[in-house]
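On a predicted model such as this, the values are computed, not experimentally measured, just so you know.
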Amino acid sequence: MTDLLHSPTRHIGLLRRCKDLMSSQESAKSGRDVSPDLIAGKWLTTDEFAGILNVDPSTLRRWRTARPPQGPPFVRMSDRITLYSATDVELWLRSRRVEPEQAA
């Protein structure tokens, strides 16, 4: 039962349902900056994102707790669940990319 309450899949489902509840027009009227791509896009858990970077998940935890926080933006769903938007991860990785010709 506890696993169901802390399931990243459950939280991702809640985020996707938000898309149905709030259109981009409604978010503009309310003053909230909610991108439809952010709601409908893919979300990664800490373990999934760590796997992509080939680092230990504790590295991402250190980045999140550093002052100021490091790494891409994240959403803390609970004390145990932190999610990363695949869109934010891609933008963050692109911003850190070094072209060898330009580095010299």
Side-chain angles (χ1 to χ4, degrees):
M1 180 83 169
T2 304
D3 290 343
L4 292 174
L5 295 175
H6 297 291
S7 167
T9 306
R10 180 174 177 266
H11 292 295
I12 293 169
L14 290 172
L15 285 171
R16 290 201 173 122
R17 277 184 287 218
C18 286
K19 179 183 177 190
D20 296 333
L21 297 174
M22 180 184 277
S23 70
S24 59
Q25 290 177 344
E26 289 170 332
S27 67
K29 288 179 190 174
S30 68
R32 294 182 223 152
D33 185 20
V34 179
S35 164
D37 292 336
L38 189 63
I39 298 295
K42 180 171 174 51
W43 289 85
L44 304 168
T45 65
T46 298
D47 289 340
E48 291 169 334
F49 183 33
I52 289 170
L53 296 180
N54 200 26
V55 299
D56 194 79
S58 64
T59 300
L60 300 179
R61 289 186 202 102
R62 274 196 314 277
W63 290 353
R64 290 193 307 258
T65 58
R67 294 294 172 238
Q70 300 173 4
F74 56 90
V75 176
R76 192 173 311 275
M77 300 298 294
S78 71
D79 289 342
R80 298 177 58 156
I81 305 292
T82 301
L83 299 176
Y84 294 87
S85 162
T87 302
D88 287 340
V89 167
E90 181 180 354
L91 291 172
W92 179 76
L93 287 170
R94 286 182 185 278
S95 75
R96 301 186 58 81
R97 184 176 175 171
V98 176
E99 293 287 340
E101 306 85 46
Q102 296 172 355

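With sequence neighbours left out, the side chain to side chain contact (heavy atoms under 4.5 Å, CB included) criterion links A50 to V55, P57, L60. Residues satisfying the ring-ring contact (aromatic ring centres under 6.0 Å, His included) test with F49, not counting sequence neighbours, are Y84. Remark: T46 engages R64 in a side chain to side chain donor-acceptor pair (under 3.5 Å) (not counting sequence neighbours). With sequence neighbours left out, R96 forms a side chain to side chain donor-acceptor pair (under 3.5 Å) with no residue at all. Every salt bridge (charged side-chain N to carboxylate O under 4.0 Å, His left out) that R97 has, sequence neighbours left out, goes to E99. Evaluation of the side chain to side chain contact (heavy atoms under 4.5 Å, CB included) rule for S95 yields W92 as partners, not counting sequence neighbours. Remark: R94 pairs with E90 by the side chain to side chain donor-acceptor pair (under 3.5 Å) rule, at least two apart or across chains. Residues satisfying the side chain to side chain contact (heavy atoms under 4.5 Å, CB included) criterion with L93, sequence neighbours excluded, are L53, V89. With sequence neighbours excluded, no residue satisfies side chain to side chain donor-acceptor pair (under 3.5 Å) with T65.
Residues T45 and D47 bring no donor and acceptor atom of their side chains to less than 3.5 Å of each other.
Expressed to the nearest 0.5 Å, how far CD1 of I81 lies from CZ of R76 amounts to 11.0 Å.
No continuous path of ILVMFWY side-chain contacts below 4.5 Å connects V75 to L91, so the two sit in separate hydrophobic clusters.
The shortest side-chain heavy-atom distance between W63 and P69 does not fall under the 4.5 Å cut-off.
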